[in-house]
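Scroll down for the structure; my scribbles are underneath it.
Chain A is the first sequence line, chain B the second, and so forth, proteins listed ahead of strands; every chain is numbered from 1.
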Protein chains: 2
Amino acid sequence: MTKTFFEEINSNSPTGVAYKNVNLKKKVISYFANTGNATIAELGKELNLSIPKITSLLGDLIQDGLVRDHGKIDSTGGRKPNVYGLAPDSGFFLGIDVKRNHINIGLTDFQKNLVSSIEKYAYRLSNNEESLQELCQIINDFIKKLPIPKEKILGIGINLTGRINYSKGYSYSFFHFYEDPLSQVIESQVGIKVFLENDSRAMAYGEFCSGVVNNEKDVLFLNLDYGLGMGVMINGQLYYGKSGYSGEFGHMPLFQNEIICKCGKKGCLETEGSGWALIEMFKERIQAGATTLIAREGFKPEDLKLEDIIEAAQNDDVLAIELIAKVGEKIGRGIALLINIFNPELVILGGSLSSTEEYILLPIKSAINKYSLSLVNNDTQLKVSNLGEESGVIGACLLVRHRLLALEHI
Amino acid sequence: MTKTFFEEINSNSPTGVAYKNVNLKKKVISYFANTGNATIAELGKELNLSIPKITSLLGDLIQDGLVRDHGKIDSTGGRKPNVYGLAPDSGFFLGIDVKRNHINIGLTDFQKNLVSSIEKYAYRLSNNEESLQELCQIINDFIKKLPIPKEKILGIGINLTGRINYSKGYSYSFFHFYEDPLSQVIESQVGIKVFLENDSRAMAYGEFCSGVVNNEKDVLFLNLDYGLGMGVMINGQLYYGKSGYSGEFGHMPLFQNEIICKCGKKGCLETEGSGWALIEMFKERIQAGATTLIAREGFKPEDLKLEDIIEAAQNDDVLAIELIAKVGEKIGRGIALLINIFNPELVILGGSLSSTEEYILLPIKSAINKYSLSLVNNDTQLKVSNLGEESGVIGACLLVRHRLLALEHI
DNA sequence: ATAACTTATTAAAATTCTTTATTAAGTGGC
DNA sequence: GCCACTTAATAAAGAATTTTAATAAGTTAT
C-alpha cells in the first residue's frame with residue numbers, strides 16, 4: 001500500500017480492489033483536469049461514491065503530492081466545504097509546436113497553466129537530419145533555461161504536420177530516416193519521454209480543453225494554414241480513426257482541376273483553398289500586374305510567405321482581402337460538407353489564416369449557407385479560435401498529461 | 001429488493017449501492033447482447049468483479065427471467081463451466097423498415113434471432129395521412145398474426161428516410177402533420193412504445209450487430225439506394241451528431257452542376273451518383289435510342305424503378321451495367337473523401353444498389369484508389385453488406401432493445 | 001487407474017464501502 | 001444573541017464485496 005499513484009498506474013497487477021482504486025483515482029484526477037477544483041460532495045455525486053470513500057481517495061492522492069487542499073469556499077448556507085484540486089507543481093509538461101517557419105514551445109504545470117513559453121522561435125522545418133538535430137537542440141536549450149529542474153518534466157509532446165502514428169510514435173511525412181520511431185530518437189537525445197501528435201489534432205485538443213469549447217461534445221477544429229488540417233472531437237474525445245490518420249480535410253477531392261497537390265493527387269481542396277493556393281494566386285496576380293502593399297522594392301515572389309499576405313490583409317490590402325475571400329469560399333464548401341456529415345455542435349476556425357477574422361469568416365459562412373442543409377447547419381455554431389498560436393503548445397502539453405495519467409474525458 | 005430489473009431501470013432513486021447494481025446488471029446484459037453467452041469467470045474478468053458478485057447478479061437476472069443458465073460447455077482442462085446468456089423469450093422487439101415502394105417487417109427475440117419476418121410487403125410511401133394510416137394498419141395486422149402475445153413485444157422500431165430526431169421522435173421529411181412527435185402518434189394507434197430512426201443508421205446498426213462487422217470499431221455503412229445515406233459507428237457506437245442529422249452522405253456538395261437536388265441545393269453527390277441519378281440517366285439514354293432489356297413493349301419511362309435497372313444488370317443488360325459503373329465511380333469519389341476524413345477500419349456497402357455486387361464495387365474501388373491517400377486507404381477494408389434487405393429490420397429491432405435496456409457497447 | 005494438474009463453484013473470513021448517527025461550522029430570522 | 005435551519009466532515013455501525021480456503025469436477029500423463 002506504499003505505492004504512489006504513478007507506480008500504481010504502471011504496475012500491471014490489476015488485482016481486484018487495488019485496480020479499482022487506481023481507476024477511481026484516475027477518475028478523480030480526470031475530473032479535476034477537465035472541470036477544475038471540486039468539493040468532496042461534488043466528487044461523490046459525480047463518481048457515485050460515498051463521502052468517506054472520496055475522503056480516503058483524496059487522502060492518498062494528497063500524500064502522493066498530486067492533489068492539494070485549496071481551503072474553504074463559500075457555501076449556500078451551512079458549513080463551508082473544502083475544495084480540492086490538482087497540485088500545480090507536482091509535475092510539468094513540455095509542448096513543442098513545429099511549424100513550417102517557426103517553433104512555438106511552452107511548459108504547463110499540472111493544471112493547465114502555461115508556466116513558460118516562447119512563440120515564433122526562428123526555425124525552418126526541412127526534412128533532413130540537421131533540421132532534426134536543430135530541433136533537439138532547441139528543446140534542450142529551452143529545458144536548461146527553465147526555472148524548474150528537468151526531473152519535474154514528466155513528458156514532452158511534439159506536434160508535426162502530416163501523417164503521424166501517435167501510438168507507435170512514427171512520423172511518415174517528416175524525419176522518417178530511422179528504423180526506430182521518431183519519438184524514441186528524440187527521447188534518446190533529450191532524456192524525457194516523448195509523444196508525437198499531428199499538429200491539427202493537438203491544436204484541436206488545446207482548444208477543447210482551454211479554448212472556445214464550453215460544453216460541446218461533437219466539435220470540429222479546422223487548422224487553416226499552408227495546408228488544411230482538422231481535429232475531430234466526438235462525444236468529448238479526440239477521434240483518431242484506425243491508425244490516427246483521420247481528419248485529412250485538405251485532401252478531400254472537391255475539384256475537377258489539373259493541379260497536382262502536395263500529396264500527389266489531383267483535385268484536393270488544398271489545391272484551390274489553402275495557404276499554398278493563396279500564395280500561388282497572389283504570385284500570379286502580381287505577375288499579371290496587380291498592385292499590392294507587398295510587392296514593393298526588392299520583392300522576390302519565391303520568398304512570399306503566408307504571414308506576409310495575412311499581414312497585408314490586416315493592413316487593408318485590397319488584393320490580399322480579395323484573394324482570402326476567394327480561398328475562404330472554397331474552404332467554406334469543404335466545411336459545409338463536413339457539417340452535413342458530422343452535424344457538429346461547434347466548428348472552430350484555427351490556424352494562421354483564421355487570424356484574418358472577418359475576412360475569412362464571412363465567405364466561409366456564406367458558403368456554409370449555400371452548400372449545407374439548413375436543418376443541419378442551424379445546429380452548428382461557428383467560432384474563431386481564441387488561443388491562436390498558443391493552441392498547439394497547450395494542446396501538446398495537455399495531451400502528454402492525458403496519456404501519462406491515462407485520463408478520461410467526461 | 002423485490003424489484004425486477006425493468007422496475008429498477010426506471011426507478012429514479014439512484015441511491016448508492018442499488019444504483020450501482022442496476023448499472024452492473026446493464027453491463028452484464030450488454031455483454032450478453034454484444035458478445036453472446038458467457039461463463040461467470042469471463043464476466044468477472046470483463047467487468048472486474050469477483051466471482052461471488054457475478055453469481056449474485058446472475059441470480060437476480062435469472063429470477064427476473066432475463067437471463068438463463070444454458071448448461072455446461074467444454075473447458076480447456078478442468079471442471080466444466082456453466083454458460084449464461086439472455087433468455088430468448090423474455091421479450092420481443094418489432095422492427096419496421098419503410099422503403100419507398102415496400103415495407104420490411106420483422107420480430108426478433110431477446111437475443112438477436114429473427115423470429116418472424118415479411119420482406120418486400122407492398123406499400124407505397126407517400127407523404128400523406130392515408131399512407132400513415134396504412135402503415136399503422138400493416139403493423140397491427142402483423143402483430144395479430146404473430147405466434148406470441150402482444151404484451152411480450154417490448155417496443156417497436158421504425159426506420160424512415162430523411163431527417164429524424166430520434167430522441168424526440170420527430171420525423172421532418174415524412175408524416176410531419178401533427179404537433180405531437182410521430183412516434184407518439186403511431187404509439188397511440190398500436191399500443192406499444194415506438195422509436196423512430198433514420199433508415200441508414202438502423203441498417204448500419206443491424207450490420208454492426210449481426211452483419212459483416214467483426215471487431216472493427218470505426219465503421220462506415222453506406223446505404224446506396226434512390227438516395228444515399230450513411231450510418232457511422234465510432235468507437236463501437238452509433239454516431240448521431242448534435243441532433244441526429246449526421247451522415248448526410250448524399251448531400252455532400254461534390255459537383256459544380258446545375259441539377260437541383262431533392263434537398264433544394266445544387267451540386268449534391270446525389271444529383272449525379274445515386275439511384276435517382278441512375279434512373280434519370282437511364283431514361284435519357286433510352287430516349288436517345290439506346291437499346292436495353294427493359295425498354296420492351298409498353299414501357300413507360302415514368303414507371304421505371306431502381307429495382308428494374310438492378311434486375312437488368314443482373315441479367316447482363318449492357319446499358320444497365322455501364323450506367324451503374326458511371327454512378328459507382330461518382331459514389332466512389334464520395335467514399336474516398338470519407339476515408340480521408342474518417343480513416344475507418346471498414347466501409348460497408350449496403351442498400352439496393354449494393355446487390356449489384358461487382359458492377360458497383362469495382363468502379364468504387366478504383367475511385368477510392370484514385371482519390372484517397374494511399375497511406376490512409378490501405379487501412380480500410382471494403383465489404384458488401386451480407387444482410388441485404390434484412391439489415392434494416394434487424395437494426396430496428398436491436399436498436400429498440402438497446403434503448404429499452406439502456407445498453408452499452410463495448 | 002491413479003496421481004498431478006486445471007478449472008469451477010461454494011463457503012467462510014477478511015476487508016472495504018456505504019449508511020447512519022454525531023459533531024462541527026456556518027447562515028439568517030426574530 | 002439565541003434558535004432553527006443548512007451544509008460539511010468525522011466516527012461508528014452495518015452491509016456488501018473481495019479474498020482466501022475448501023470442495024467439486026474435470027483432463028492428461030504415467
Side-chain angles (χ1 to χ4, degrees), chain A residues 1-3 5 8 11 13-28 31-32 37-63 67-85, chain B residues 1-3 5 8 11 13-28 31-32 37-63 67-85:
Chain A
M1 274 307 235
T2 80
K3 270 186 193 166
F5 178 70
E8 277 170 348
S11 79
S13 60
T15 160
V17 77
Y19 176 77
K20 284 180 189 171
N21 275 337
V22 174
N23 270 14
L24 291 177
K25 285 179 192 174
K26 272 190 205 172
K27 282 189 178 163
V28 170
Y31 188 85
F32 287 143
N37 297 348
T39 66
I40 291 180
E42 281 166 13
L43 286 168
K45 255 178 209 155
E46 185 68 28
L47 307 183
N48 282 300
L49 292 172
S50 67
I51 281 152
K53 179 62 185 167
I54 299 280
T55 311
S56 100
L57 289 173
L58 286 179
D60 287 2
L61 287 170
I62 287 172
Q63 211 159 36
V67 167
R68 198 163 290 163
D69 183 341
H70 289 302
K72 306 215 174 287
I73 52 163
D74 276 355
S75 92
T76 52
R79 178 173 167 178
K80 288 176 178 171
N82 284 31
V83 274
Y84 298 82
Chain B
M1 272 311 235
T2 81
K3 272 185 192 167
F5 179 70
E8 277 170 349
S11 79
S13 59
T15 162
V17 77
Y19 175 77
K20 283 180 191 171
N21 274 338
V22 174
N23 271 14
L24 290 177
K25 284 179 191 173
K26 272 190 205 172
K27 281 188 179 166
V28 170
Y31 188 85
F32 287 143
N37 297 348
T39 67
I40 293 181
E42 280 165 14
L43 286 168
K45 256 178 208 155
E46 186 67 29
L47 307 183
N48 282 300
L49 293 171
S50 67
I51 281 153
K53 178 64 184 164
I54 299 281
T55 310
S56 100
L57 290 174
L58 285 179
D60 287 2
L61 288 170
I62 287 171
Q63 212 158 34
V67 168
R68 198 162 291 163
D69 183 339
H70 289 300
K72 306 215 175 288
I73 52 164
D74 276 356
S75 92
T76 51
R79 178 171 169 178
K80 288 177 178 170
N82 284 32
V83 273
Y84 299 83

Tell me the interatomic distance from [X], atom [atom1], to [N], atom [atom2], rounded to whole angstroms.
X: B/I54; N: D/dT19; atom1: CD1; atom2: C1'; value: 16 Å
X: A/L43; N: D/dA8; atom1: CG; atom2: C1'; value: 14 Å
X: A/K53; N: D/dA8; atom1: NZ; atom2: P; value: 21 Å
X: A/L47; N: C/dC17; atom1: CG; atom2: P; value: 13 Å
X: B/Y19; N: C/dT19; atom1: OH; atom2: C1'; value: 19 Å
X: A/L24; N: D/dT18; atom1: CG; atom2: P; value: 12 Å
X: A/K45; N: C/dT18; atom1: NZ; atom2: C1'; value: 16 Å
X: B/L49; N: C/dT15; atom1: CG; atom2: P; value: 21 Å

What are the two closest non-hydrogen atoms of A/Y84 and A/F32, and how far apart are they?
->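 Between these two residues, the closest heavy atoms are O-CE2, 3.0 Å.
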Can you name the closest pair of heavy atoms from A/A38 and A/Y31 and give their distance?
->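 Heavy-atom minimum between the residues: CB-CE2, 3.5 Å.
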What N/O pairs connect the protein and nucleotides 2-4 of chain D at under 3.5 Å? Give each pair on its own line.
none

Does [N] have OP1 or OP2 sitting under 4.0 Å from an N or O in the side chain of [X]?
X: B/N21; N: D/dT17; value: yes
X: A/N82; N: D/dA9; value: yes
X: A/K20; N: D/dT18; value: yes

Looking at residues at least two apart in the chain, or sitting in another chain, which of them share a side chain to side chain donor-acceptor pair (under 3.5 Å) with A/N82?
->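 By the side chain to side chain donor-acceptor pair (under 3.5 Å) rule, A/N82 matches A/D69, A/K72.
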Identify which nucleotide among [options] has an atom closest to any side-chain atom of [X], counting heavy atoms from C-beta outward.
X: A/V17; options: C/dT19, D/dA8, D/dT19; result: D/dT19
X: B/T55; options: D/dT17, D/dA9, C/dT10; result: C/dT10
X: A/K80; options: D/dT17, C/dT27, C/dC17; result: C/dT27
X: A/P52; options: D/dA11, C/dA8, D/dA9; result: D/dA11
X: A/P81; options: C/dT19, D/dT18, D/dA8; result: D/dA8
X: A/S50; options: D/dT18, D/dT17, C/dC17; result: C/dC17

Counterpart residues, salt bridge (charged side-chain N to carboxylate O under 4.0 Å, His left out), relative to B/K53 (two or more places apart) |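 Applying salt bridge (charged side-chain N to carboxylate O under 4.0 Å, His left out) to B/K53 gives none.
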Protein N or O to nucleotides 22-24 of chain C N or O, pairs below 3.5 Å:
residue: C/dA24; atom: N3; partner: A/R79; partner atom: NH1; Å: 3.3

Let me see the working for A/T39 and A/K45 under side-chain contact (heavy atoms from CB on, under 4.5 Å), right down to the final yes or no.
-> CA-CA 10 Å; A/T39 66; A/K45 255 178 209 155; over 6 Å; no
Below 4.5 Å, heavy atoms only, C-beta onward: do [X] and [Y] meet side chain to side chain?
X: A/V28; Y: A/L24; answer: no
X: B/L57; Y: B/L43; answer: no
X: B/N21; Y: B/D60; answer: no
X: A/R68; Y: A/N37; answer: no

Going through the distances and angles, do B/K26 and B/N23 end up as a side-chain contact (heavy atoms from CB on, under 4.5 Å)?
-> CA-CA 5 Å; B/K26 272 190 205 172; B/N23 271 14; 4.1 Å; yes
